[in-house]
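Given the structure is predicted, the values throughout are model-derived calculations rather than measurements.
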Amino acid sequence: MESEKVGEEETVIVGDYVEIMKTEGKSKGMKSKFSKLFWHGGSVYDAWFSCASNQVAQVLLTLPYSFSQLGMLSGILLQLFYGLLGSWTAYIISILYVEYRTRKEIEKVDFRNHVIQWFEVLDGLLGKHWRNVGLAFNCTFLLFGSVIQLIACASNIYYINDNLDKRTWTYIFGACCATTVFIPSFHNYRIWSFLGLLMTTYTAWYLTIASLLHGQVEGVQHAGPTKLVLYFTGATNILYTFGGHAVTVEIMHAMWKPQRFKAIYLIATLYVMTLTLPSAAAVYWAFGDMLLDHSNAFSLLPRTTFRDMAVILMLIHQFITFGFACIPLYFVWEKAIGMHECKSLCKRAAARLPVVIPIWFLAIIFPFFGPINSTVGSLLVSFTVYIIPALAHIFTFRSATARENAVDQPPKYFGRWVGTFTINVFIVVWVLIVGFGFGGWASMVNFIDQIDTFGLFTKCYQCPPPSVAVSPPSHGLNTTAAAPLHQPFNHTRRH
């Protein structure tokens with residue numbers, strides 16, 4: 001905050017409402033300065049880094065796989081389209097948060113020791129039935145979002161060290177990710193968000209440059225799209241890519257001035273597209289339909305020092321993204337058992353541990369890197385961050401009185417209330433039919449196919465057979481004479 005004094009309270013004007021926050025004190029000690037620099041983040045920049053870092057994550061490695069299902073043109077257009085849809089619903093969520101916060105501040109509710117979450121916003125604006133639906137979808141999505149990060153960790157580390165199978169690596173990284181119980185909130189995520197975005201930026205440009213230097217494999221084919229099942233599976237993976245704003249409310253609550261969030265997600269999305277579009281297009285250009293059998297882009301690029309560095313950075317980033325998905329679950333669990341306002345970090349950490357166990361277990365049951373993204377996108381993301389926020393905005397401001405007294409009035413360039421409602425209705429209809437309907441059908445067919453092909457609890461999903469020789473590491477960015485590390489194996493059926 002701009003001015004802080006020990007032991008005093010400060011009134012901070014946040015948009016059109018007043019937030020009372022206790023100042024944290026200002027010390028000239030090196031420890032305090034270090035903590036403030038790396039630990040305490042509530043600025044617009046912190047929120048931007050959090051949104052951008054959380055949005056791309058491991059899906060960066062599966063987007064080339066989606067391009068092989070969709071074709072180049074559809075892959076690019078759908079990224080642009082769902083990027084805009086995701087930015088809009090993030091904006092809608094921010095409007096609903098500000099509306100809820102304003103009403104509660106008028107009632108003199110103190111949030112200094114309480115993190116507001118999406119289901120509480122729905123409860124305060126629309127009642128318990130909306131709360132229950134929002135809580136169910138949000139928690140289930142965040143649960144599987146955490147599961148996906150564990151699966152991604154095991155999938156990536158295997159390309160550096162295949163002495164252990166992917167299931168064993170899942171056990172190991174499950175224990176590592178459990179340390180996120182010690183992170184209090186997104187207010188303390190400053191350094192992790194910053195580093196996470198640097199890591200995905202490096203990985204994205206590594207994929208782009210390495211693919212271009214590698215060139216197209218002999219006889220490369222770009223047949224997609226060929227089947228509706230594959231097309232809608234790929235489309236829902238992109239829906240999932242730009243559906244990372246399930247934690248928007250928690251990120252906003254960590255800001256000093258939450259009303260400044262409105263355009264942050266859009267700006268973050270624009271940056272993310274500078275990573276996802278070139279990397280996915282370049283890898284698909286180089287390897288074409290081979291990606292249908294390789295859901296992790298790392299599996300097709302020759303092993304080099306630069307690739308190993310990308311793998312390591314993505315592993316660290318997946319730990320960071322695990323925290324993004326799991327910390328809101330920790331909050332829900334703390335509130336359920338009455339520990340949320342406990343000031344002892346160690347007690348809260350111990351209370352949070354049971355949340356990690358089902359995540360660990362589900363990652364071992366369904367280790368299907370790639371297909372699980374599409375399934376989660378169609379069945380959970382579609383409702384959690386697209387349909388429910390759009391409907392909630394319509395119902396919150398359905399009366400003339402509510403619209404007249406709204407804290408944030410829709411701007412002219414959105415067409416005021418009529419334009420805003422029209423956009424919301426379009427999103428609900430589109431995502432319900434295309435994302436949940438066709439996408440759910442395609443994703444479930446593909447997901448069930450993975451179970452039939454590999455079985456549950458498979459030890460090493462899409463691992464090469466023992467007879468496949470692994471080329472020794474080199475020290476350049478790429479090796480022009482090197483063939484792809486893995487030939488097609490354990491493939492996804494193309495029916």
Side-chain angles (χ1 to χ4, degrees), residues 19-22 24 35 39-42 46-47 50 54 93 96-97 100-101 104-105 107 109-125 128 130-147 149-150 174-190 192-193 244-255 258 319-363 380 384-385:
E19 178 185 10
I20 306 297
M21 291 186 292
K22 189 173 183 179
E24 296 180 9
S35 177
W39 186 249
H40 294 296
D46 291 307
S50 292
N54 181 46
I93 291 172
L96 294 173
Y97 170 87
Y100 168 79
R101 185 70 177 266
K104 290 299 179 182
E105 293 289 351
E107 298 172 6
V109 178
D110 188 351
F111 292 111
R112 277 177 294 183
N113 295 315
H114 183 93
V115 176
I116 298 173
Q117 294 187 268
W118 176 231
F119 72 91
E120 293 170 317
V121 172
L122 292 174
D123 187 19
L125 297 177
K128 65 177 182 180
W130 282 82
R131 175 201 64 195
N132 294 339
V133 172
L135 182 62
F137 273 104
N138 207 48
C139 287
T140 308
F141 166 50
L142 292 172
L143 179 74
F144 277 96
S146 304
V147 168
Q149 300 313 314
L150 283 189
C176 294
C177 289
T179 58
T180 56
V181 297
F182 291 101
I183 300 175
S185 73
F186 291 134
H187 179 70
N188 311 107
Y189 232 65
R190 166 174 282 180
W192 295 116
S193 298
H245 46 291
V247 295
T248 296
V249 171
E250 288 85 356
I251 291 174
M252 285 186 69
H253 192 80
M255 294 176 67
F319 165 83
I320 295 169
T321 310
F322 182 92
F324 272 117
C326 217
I327 287 175
L329 289 177
Y330 295 153
F331 293 155
V332 173
W333 177 248
E334 288 171 358
K335 292 170 185 176
I337 63 175
M339 289 287 291
H340 185 58
E341 297 186 4
C342 176
K343 294 184 179 180
S344 170
L345 180 59
C346 291
K347 289 181 180 179
R348 289 178 65 190
R352 291 172 167 187
L353 280 174
V355 177
V356 180
I357 296 173
I359 295 170
W360 214 345
F361 187 63
L362 287 169
L380 298 173
T384 303
V385 297

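With a 4.5 Å cut-off on side-chain heavy atoms, Thr180 and Phe319 count as touching. With a 4.5 Å cut-off on side-chain heavy atoms, Ser193 and Asp46 do not count as touching. With a 4.5 Å cut-off on side-chain heavy atoms, Ile359 and Phe322 count as touching. With contacts defined as side-chain heavy-atom distances shorter than 4.5 Å, the pair Lys128/Phe119 does not qualify. Looking at heavy atoms from C-beta onward, Trp118 lies in side-chain contact with Leu96 at the 4.5 angstrom threshold. Residues Tyr330 and Val356 have side chains in contact (heavy-atom distance under 4.5 Å, counting atoms from C-beta outward). Side-chain contact between Asn138 and Pro328: absent, with no pair of heavy atoms (C-beta onward) separated by less than 4.5 Å. Contact of the Pro184 side chain with the Leu345 side chain is registered, since non-hydrogen atoms from C-beta on lie closer than 4.5 Å.
Listed for the His253 side chain is a donor-acceptor partner under 3.5 Å among the backbone atoms of His114. Arg352 contributes a side-chain N or O that, together with a main-chain N or O of Val181, makes up a donor-acceptor pair within less than 3.5 Å.
Shown here for Cys176 and Thr179, the closest heavy-atom pair between the two residues is O-OG1, 2.6 Å. Ile337 and Ala351 make their closest contact through CD1-CB, 3.7 Å (heavy atoms, listed as atom of the first residue, atom of the second, distance). What you find for Gly174 and Trp360 is that their closest heavy atoms are CA-NE1, 3.5 Å. Between Leu329 and Cys139 the shortest heavy-atom distance is CD2-O, 3.6 Å. Across all non-hydrogen atoms, the minimal contact from Gly134 to Leu122 is CA-CD1, 3.7 Å. For Leu150 against Cys177, the heavy-atom pair with the smallest separation is CD2-SG, 3.7 Å.
Partner Glu120 forms a salt bridge (Lys or Arg N to Asp or Glu O under 4.0 Å) with one of Lys335, Arg131, Arg101 and no other, that one being Lys335.
Classification of the Tyr100-Phe111 ring pair by plane angle, with boundaries at 30° and 60°, yields tilted.
Rounding to the nearest 0.5 Å gives a distance of 7.0 Å between CE of Met339 and NZ of Lys347. To the nearest 0.5 Å, atom OG1 of residue Thr321 and atom CH2 of residue Trp192 are 12.0 Å apart. Atom CE of Met255 is separated from atom OG of Ser50 by 9.5 Å, given to the nearest 0.5 angstrom. Residue Ile183 holds its CD1 atom at 9.5 Å from CZ of Phe324, rounded to the nearest 0.5 Å. To the nearest 0.5 angstrom, Leu380 atom CG is 6.0 Å from Thr140 atom OG1. Taking CG of Asn54 as the start and OH of Tyr189 as the end, the distance is 8.5 Å to the nearest 0.5 Å.
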>> Run Leu135 and Gln117 through side chain to side chain contact (heavy atoms under 4.5 Å, CB included) and show every step you take.
In response: CA-CA 9 Å; Leu135 182 62; Gln117 294 187 268; over 6 Å; no
